[in-house]
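See structure below.
No experiment lies behind these values; they were computed from the predicted model shown. Counting from 1, the numbers follow the sequence of the chain as shown.
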Amino acid sequence: MPHVIVEYTDNIRAEAHVPALLKTINDTLIAQGDVFPIGGIRSRAIELRDYRMADGDPGADYAFVHVTLKIAGGRDEAVRKKACDALFDAIKQHFASLYARRYLALSLELVEFSEGGSYKHNNVHSRFKKA
């Protein structure tokens, strides 16, 4: 963990630069130091074709990006806040030019869960163990 799910409306597909966004997300989480194990970081994007936003005015051509950050419980509030602030700042920076040109809502949600409800089998961590 963490896992990151980016949901974005299909009307910004050409300008969202999703592969670059996913790289930025992973790089931002890695930059948090030992907060998140590198081998557990997963990010993915889901393009939304069926959605409605605000009053649904087709002339407004509304768009949104919602990012869910799922992490295991146990990190203190200051660590969670620092990581979420850094991630949301990176997301806002990524979309800054698009935000300046159109109606766009950006959001980030943190979901924390108990390790008791999570099952993992992952040999990627061994690649990043410090000697």
Can you name the salt bridge (charged side-chain N to carboxylate O under 4.0 Å, His left out) partners of K81, sequence neighbours left out? D85
Linking I/L/V/M/F/W/Y whenever any side-chain heavy atoms sit under 4.5 Å apart, do [X] and [Y] land together?
| X | Y | answer |
| --- | --- | --- |
| I25 | F128 | yes |
| I30 | L69 | yes |
| F36 | V79 | yes |
| I38 | I71 | yes |
| L106 | L22 | yes |

In Å, rounded to the nearest 0.5 Å, how long is the span from CG of L87 to CG of D27? 11.5 Å
Nearest-0.5 Å distance, CD of residue E7 to CD of residue E109: 9.0 Å
Taking every heavy atom of Y8 against every heavy atom of A45, the minimum-distance pair comes out as CE2-CB, 3.9 Å
Can you name the nearest heavy-atom pair linking E112 to R75, along with the distance? OE2-O, 4.1 Å
Taking C-beta and beyond as the side chain, do [X] and [Y] meet within less than 4.5 Å on heavy atoms?
| X | Y | answer |
| --- | --- | --- |
| Y99 | K92 | no |
| V67 | I91 | yes |
| P2 | I41 | yes |

Take atom CD of E47 as the centre, draw a 6.0 Å sphere, and report whether it contains more than 12 heavy atoms from other residues, nucleotides or ligands. yes
Heavy-atom neighbours of Y103 OH exceed 12 at 6.0 Å: no
I'd like to know if the side chain of [X] and the backbone of [Y] have a donor-acceptor N/O pair within less than 3.5 Å.
| X | Y | answer |
| --- | --- | --- |
| R127 | G39 | no |
| R42 | G40 | yes |
| R102 | L98 | no |
| H66 | I5 | no |

Would you mind telling me which of L29, T28, T68 makes a side-chain contact (heavy atoms from CB on, under 4.5 Å) with V4? L29
Name each donor-acceptor pair under 3.5 Å that joins a side chain in residues 48-56 to protein atoms two or more places apart or in another chain, with its distance.
| residue | atom | partner | partner atom | Å |
| --- | --- | --- | --- | --- |
| Y51 | OH | D10 | OD1 | 3.0 |
| Y51 | OH | N11 | OD1 | 3.4 |
| R52 | NH2 | D55 | O | 3.1 |
| D55 | OD1 | D57 | N | 3.1 |
| D55 | OD1 | Y62 | OH | 2.8 |

Begin from the C-alpha positions of C84 and L108 and carry the test side-chain contact (heavy atoms from CB on, under 4.5 Å) through to its verdict. CA-CA 8 Å; C84 287; L108 170 68; 4.1 Å; yes
